[in-house]
Amino acid sequence: MKKALKIIVKIVALAALLVLCLGLLQRLLVPKYITENEEGLLVKEYYDYAGENDVLFIGDCEVYSNFSPVKLWQDFGITSAIRGSPQQLIWHSYYMLEDTLRHEKPKVVVFNVLSMKYGEPQSEAYNRLALDGMKWSNTKVRAIRASMTEEEADSEGFTIASYVFPLLRFHSRWNELSGEDFKYLFSTRQLSHNGYVMRVDSKPVTEIPRAKPLADYSFSDTCWNYLNKIRELCDDNGIQLILIKAPTLMPHWYDEWDEQIVKYAADNGLCYVNMLKEAETIGIDYYSENADTFDAGMHLNLNGAEKLSEWFGNYLKANTALGDRRTESHTCVIWQEKEDYYEEMKNAQYTQLREEGKLTGYWG
Amino acid sequence: MSFVSLGFLAFLAVLMLLYYTVPKRGQWILLLAGSVFFYAFAGWSSLIFITVTALSTYFAGIYIGKLASARDAYLKGEGKELDKEAKKAYKAKVKKRTYLIMSLCLILNLGMLAVIKYTDFGISIINGIFKTNIGFLRFALPMGISFYIFQSMGYIIDVYRGKYAPEKNVARFCLFVSFFPQLLQGPISRFDELSKTLYGPHDFDWDKFARGAWRVVWGFFKKMIIADRMITAVIELSGRPDKYKGVYVVALVLFYAIELYADFTGGIDITIGVAEMLGIQVAENFDRPFFSLNITEYWRRWHITMGTWFKDYIFYPLSVSPKMLKISKWSREKLGNAIGKRVPVYLSTIIVWFATGLWHGAAWNFIVWGLLNCLVIIISQELSPLYGKFHKRFGFSNTKGYNVFQMFRTFWLMGFIRVLDVYRDVPGTFKQVGTIFTTANWGDLFNGSFLELGLAWQDFIVILLGCAVMLTVSILQNKGQVRDRIILKRPVPVRLILFAALILIIAVFGAYGIGYDAGQFIYVQF
């Protein structure tokens, strides 16, 4: 008995030591997303502001760079959040919506349709950015399985395990460790404003590459399937679904694609707005020195995002039953904090831009 | 299921837990079930082949055993009164039958191996000679087939020779053939040795368990930190021979030697360690071969169970076979005693090395590899009197420096022969080796060119440190097992910290992950 106890103590001691060290190592080795690939913070940050959002934007960088929830709040009293990540594919969006519904129930879901162009998983790295931050649930497991690239699917068990223990995925970062990894070992920085990623600098469009004709313009069955699932999930939860195409010039959005979405929206009684066609009305400036884009047409900068949000706020008021929540005192308190941080980051970025002539990071 | 997979670790954890909680008489049954489960992971169709081998060998063994028992009973009973000649004739008659059964069993299993492994090689030869265009059949090689067939063949030959009685329980025999830790890459065990501990019963013994666990983790260290990192450079160097000549060929020889050693011995460490954790003793397969002073010694210390298998089941029987005795007699008569006595030995040696090459793979590069080994061994043997005179004359043969020189010489000689494995093209290999003398690019060692092989300088540092640890351990092993002498003598907290540190080092510095295909062991393909 005494011997057995000794053995158990040894095993428990070893296990505890290993868990502690592995935990620490994992914290050290996973990317911190502070000075590189900052968008890796977005999905995880959502849980900090989940709860009372009336509008949920889902999609890729075309939502997290182009819509400002703070502006929607300031001008219309609409509470909103964005669940977007770089190259977020439609199945990512579907599972993010499913995950969102575990935390809150928005009245309106706005889905950006650009991701309809991707019928296959694209990159393991982008999968990570979309899924690593998601809280664990059956939804996350299904999202991982749906998102696997061929390589990931070849070792499915390992892939899933590597989401549980990111050390398995990021262990090889030992040779890239920097001061940032130690500084943010137990903390992080807030990047977004309810999912919006701010950039105040400008880079006008100088040239738009000619769109190559495609052999086949039809969207894949997988994409249609997930679009149907998004629509059904919204229907089942009494959520109004609005489809949008954000007004960014690249990647090219073909008329043939647009026609399919127009038809789908009409067939299913959905609102669809292609904001590329509304760019002039919105007042987006793509070409001047102080253009509303920070990367020559791919994403809008703060000015552009605020113009677009103002325009879209009016669209929401006209096409949904959303009310003005600026009369709710506790909501005002929450949003005041968000506005303060929004201003703080805006000022920091403008200061850096003024002093250094360029932005080196989101925090200025 | 690769050893280097989370699935294997989970499988091992569940198996260990069950193994030490089920009633002891059921332990070996659990092992059999575990082995079938492990093997089924490679595909259910593979199970058919191992089942055919296990059952055919089992029944052949039983039948041979019955005939031998009946013979003994007869000679002790009814046949007791027979005269010497009649007894001899009776024994010969029984032996003929047992020989026939053994031969049928060997033919069936070797035939299976030949068809699966060597058909396409045969087709390529036919296509080459007759300029035909017969399509390849591309059979998928069942996991570990060369290992379990050789192990089964060893068993049936031993039973035929009367070395031990056949195993009567079919399930127990199936466990001998399919014992999962050694399915992937050996060692090729002998029944009389493995069966001593294979069937238990085994109480949980912390010391044995800990010893086994240390060995397993050490195997993972070698495999994941050294071999699986080094393989990137090996693939790059061997895959683009037009680009990598001269000094790169020398580097490939060195890198592949390190990779193969770390991979194969790492795998064997895991095998032996897992068995040890189960209380089972599996034969050692390596004895620090890179410390060998000559090629003959090297082959006594590298893949030991394969070497002894070929010696016991091919070389010796061949050397004393009637045909070889005839050849011996003929050669002594025709060529004189000095040369004549060598002919049968060398002929057997050539056949054994040809078979060894063929066992490693169905390709000319393996055959040439085997025959080159043979050539070096024969030349060394022929020159040994000369060496003797040389050493006597200069008297430094027993110095440490000379020993180090011999180790160095053997290491590189074996390395250059082994490089046939990686280029997989005989003329191409010789051409590449030739570029060492024709391409003046030794400056590439110092201008950063080696950092374009897929390994960063940090990777080279890890490999270097890993090799330094491996070398230190090997040197310390001169005086016995490092685990027993050094590690397990430390206080428990120190041991736990060391063990945890080794696991953490592997977790961080190991080469593994999504899309990383180096997880498979090199010897699995044989």
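Below, all heavy atoms of this structure are taken into account, side chains as well, without hydrogens, waters or symmetry copies. Letters go in sequence order (proteins before strands), and every chain restarts at 1.
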Does any backbone or side-chain atom of B:Val492 lie under 4.5 Å from a heavy atom of chain A? Answer side chain, backbone, both or neither. side chain
A:Lys229, NZ: over 12 other non-hydrogen atoms inside 6.0 angstrom: yes
A:Leu167 portion near chain B, given a 4.5 angstrom heavy-atom threshold: both
Could you check whether atom OH of A:Tyr126 has more than 12 heavy atoms from other residues, nucleotides or ligands sitting under 6.0 Å from it? no
Applying a criterion of heavy atom separation less than 4.5 Å, what residues of residues 497-507 of chain B form contacts with chain A? B:Ile497, B:Phe499, B:Ala500, B:Ile503, B:Leu504, B:Ala507
Got more than 12 heavy atoms from elsewhere within 6.0 Å of CG, A:Asp221? no
What one should report as the nearest heavy-atom pair of B:Val462 and A:Trp174 is CG2-CH2, 3.4 Å
Residues which pass salt bridge (Lys or Arg N to Asp or Glu O under 4.0 Å) with A:Glu176, listed by chain and number, not counting sequence neighbours: A:Arg173
Please state whether the rings of A:His171 and B:Tyr512 are parallel, tilted or perpendicular, taking 30° and 60° as the class boundaries. parallel
Counting only non-hydrogen atoms closer than 4.5 Å, does A:Leu168 touch chain B with its backbone (N, CA, C, O), its side chain (CB onward), both, or neither? both
So which residues of residues 8-17 of chain A are in contact with chain B at a heavy-atom cut-off of under 4.5 Å? A:Lys10, A:Ile11, A:Ala13, A:Leu14, A:Leu17
Counting heavy atoms not belonging to B:Trp44, are there more than 12 under 6.0 Å from its CH2? no
Name the option with the most non-hydrogen atom pairs under 4.5 Å to chain A; the candidates are B:Val508, B:Leu6, B:Leu496. B:Val508
Heavy-atom count check: over 12 atoms from other residues, nucleotides or ligands less than 6.0 Å from B:Gln281 CD? no
Just wondering, more than 12 heavy atoms not from A:Tyr184 lying within 6.0 Å of its OH? yes
Return the set of residues passing ring pair (Phe, Tyr, Trp, His ring centres under 6.0 Å) with A:Tyr64 (not counting sequence neighbours), or none when no residue passes. none
Within a radius of less than 6.0 Å around CD of B:Gln458, do more than 12 heavy atoms belonging to other residues, nucleotides or ligands occur? yes
Would you call A:Asn175 and B:Trp457 a side-chain contact if the rule is heavy atoms closer than 4.5 Å? no
Structural part of B:Phe209 lying under 4.5 Å from a heavy atom of chain A: neither
